Protein chains: 2
Amino acid sequence: MIHVALIEDDPDIRKTLALIIDGTPGYSCTHHYPDVESALDPLHSFQPDVVLMDINLPGMSGIEGVKELKEKLPSVDVLMLSIQEDDHSVFESLRMGATGYLVKSTPPTQLLQAIQEVQQGGAPMSAHIARKVLSYFHPSRRSPLTPRESEILRLLCEGQTYSSIGEALFISGHTVRSHIKNIYQKLYVNSRAEAVKKALKDKLI
Amino acid sequence: MIHVALIEDDPDIRKTLALIIDGTPGYSCTHHYPDVESALDPLHSFQPDVVLMDINLPGMSGIEGVKELKEKLPSVDVLMLSIQEDDHSVFESLRMGATGYLVKSTPPTQLLQAIQEVQQGGAPMSAHIARKVLSYFHPSRRSPLTPRESEILRLLCEGQTYSSIGEALFISGHTVRSHIKNIYQKLYVNSRAEAVKKALKDKLI
DNA sequence: CTCAAAATCCTCCATTTGGGGGATACCCCG
DNA sequence: CGGGGTATCCCCCAAATGGAGGATTTTGAG
């Protein structure tokens, strides 16, 4: 029996979903709340297996909600259920510890399947969300740097000095310096810190 | 009709999969290769919709394979199909542009479903893989820094000098320096570059 | 072959950084 | 009340950094 809790402000949606879930064999949904504030304390003592969380909520947003919930109940699996599909909503939710993200148009059958999946160690996502998440890892634009420059940037990010980079690559520190000047120009930065930041952000290394 | 290509070195698996896929209505699988090298040129002219890619391959690995394939055919969707589940295999594949990642134990039905899903803009992943990917975004440990230190770290990442950080926060550069020394100790680093890297990696800012 | 890009090396010099100290003040908790 | 953590300020000094130049060789594509 999977104990599901539900946080959703629209009373119609909330009650309908609760009925569907609670009415399905193997599932139970006796705890549902219209906002995060009123859910935190009861859920702390109830200890649900899975929490379905809306994002647009009165008061605390669902994103803050995940954060709070995961702090009180680190072992609970939170599944976002939202109409929002923008980058901020998705990635912030995941950053706060959500273990899945479904758009609200998900049919009940798939919702139930997702709940089961998350319970079994998965991380269900709607198709477009999954694509968005994976594309985070794939930098579409290519690096403007030459292979040598990329190599030097990589070592630069390690915090090594020009000399030690030079030793690692069997070239002089002066040469390293020249390359780094070119790198800075190409990346439009003028310090190591900015270069590191850009390198990590744009996944140039 | 979805045109599927297959790169897999085990002849049994390769031929079985090809037969299953090609024998399913709506799917076609006429191109299958035992390694990346022999696949690149033919696939360039064939232009498949989806490529199933193994990782353990003779010669070029499947990970390098994705990279090469996506460079030649940016619009093709590559679905990894591997027994490997380690972080490196998963994240490197995604970084190179894979649009999905299935473990080899995936039953044929689900494999076919995944192919269809990727074709419709999704990004299918096996349960454990999806969980691994999402957990990438959730830094389990919280920041060991004080609010003030976090603020300074943020500005440090911008590449500002101690003095300019001081000006921004209405404190002296000396104080900024003291905070930064504490930050370095807490993060176990000893240069700005490493601090920036750690800050971004652990999402401390 | 030719020309451009990439990779290698160098100098001068002001500024920044980071390691080692030390000091005061505040606030909260036990 | 005392102690620990935080925040603020200061010193000295060696090392690293970055901006400005200039130079040569190697490589690669047309």
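All of these numbers come straight from a predicted model, not from anything done at the bench. Within every chain, numbering begins at 1; the chains are lettered A, B, ... in the order of the sequence lines, protein sequences first and strands thereafter.
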Item to check | Closest listed nucleotide, where the reference is the side chain of B:Ser172 and the choices are C:dT16, C:dA7, D:dC9 | outcome: D:dC9

Checklist entry - Does anything in residues 167-190 of chain B pair up under salt bridge (Lys or Arg N to Asp or Glu O under 4.0 Å), and if so which pairs, sequence neighbours excluded? => result B:Glu149-B:Lys186

Checklist entry - Would you find more than 12 non-hydrogen atoms of other residues, nucleotides or ligands less than 6.0 Å from A:Lys67 atom NZ? => result no

Next on the checklist: I need the NE2-C1' distance between A:His179 and D:dT17, as an integer number of Å.
Outcome noted: 17 Å

Item to check | the helix from C:dC1-D:dG30 to C:dG30-D:dC1: angle between end helix axes, five pairs per end, rounded to 10 degrees | outcome: 60°

Checklist entry - Take atom NZ in B:Lys15; do more than 12 heavy atoms of anything else shown fall under 6.0 Å from it? => result no

Checklist entry - Sequence neighbours excluded, which residues qualify as side chain to side chain donor-acceptor pair (under 3.5 Å) partners of B:Thr106? => result none

Item to check | Value in whole Å for how far the C1' atom of D:dA16 lies from CD1 of A:Ile165 | outcome: 11 Å

Checklist entry - Base, sugar-phosphate, or nothing: which does B:Thr175 touch, judged by heavy atoms less than 4.0 Å apart? => result base

Checklist entry - Starting at CD of B:Glu151 and ending at P of D:dT6, how long is that distance when rounded to a whole Å? => result 15 Å

Checklist entry - Between D:dG5 atom P and B:Leu145 atom CG, what is the distance in whole Å? => result 15 Å

Checklist outcome for this item: Atom CG of B:Leu155 and atom C1' of C:dT17 are separated, to the nearest Å, by 17 Å

Next on the checklist: Nearest whole Å is fine: how far is C:dT17 P from A:Glu194 CD?
Outcome noted: 11 Å

Checklist outcome for this item: Atom CG of B:Asn182 and atom C1' of D:dT8 are separated, to the nearest Å, by 12 Å

Next on the checklist: Please determine whether a side-chain nitrogen or oxygen atom of A:Arg148 lies at a distance below 4.0 Å from atom OP1 or OP2 of C:dT8.
Outcome noted: yes

Checklist entry - So B:Phe46 and B:His31, would you call those rings parallel, tilted or perpendicular, with 30° and 60° as cut-offs? => result parallel

Item to check | Residues that A:Asp49 engages under side chain to side chain donor-acceptor pair (under 3.5 Å), provided they are two or more places apart | outcome: none

Checklist entry - Which sits closer to the 5' end of DNA chain C, A:Gly173 or A:Lys186, going by the nucleotide each is nearest to? => result A:Lys186

Item to check | Rounded distance (Å) that lies between atom P of D:dT27 and atom CD of A:Glu149 | outcome: 17 Å

Checklist entry - Considering residues, nucleotides and ligands other than A:His3, do more than 12 of their heavy atoms fall under 6.0 Å from its NE2? => result yes

Next on the checklist: With a 6.0 Å cut-off (strictly less than), is the heavy-atom count around NZ of A:Lys70, excluding the residue itself, greater than 12?
Outcome noted: yes

Item to check | Footprint string (nucleotides 18-29 of chain C, 5' to 3'): B base within contact, S backbone only, - free, heavy atoms under 4.0 Å | outcome: BBBB--------

Checklist entry - side chain to side chain donor-acceptor pair (under 3.5 Å) with A:Thr161: which residues, sequence neighbours excluded? => result A:Ser164

Item to check | Proximal nucleotide (of D:dC11, D:dA7, C:dC9) relative to the A:Ile171 side chain | outcome: C:dC9

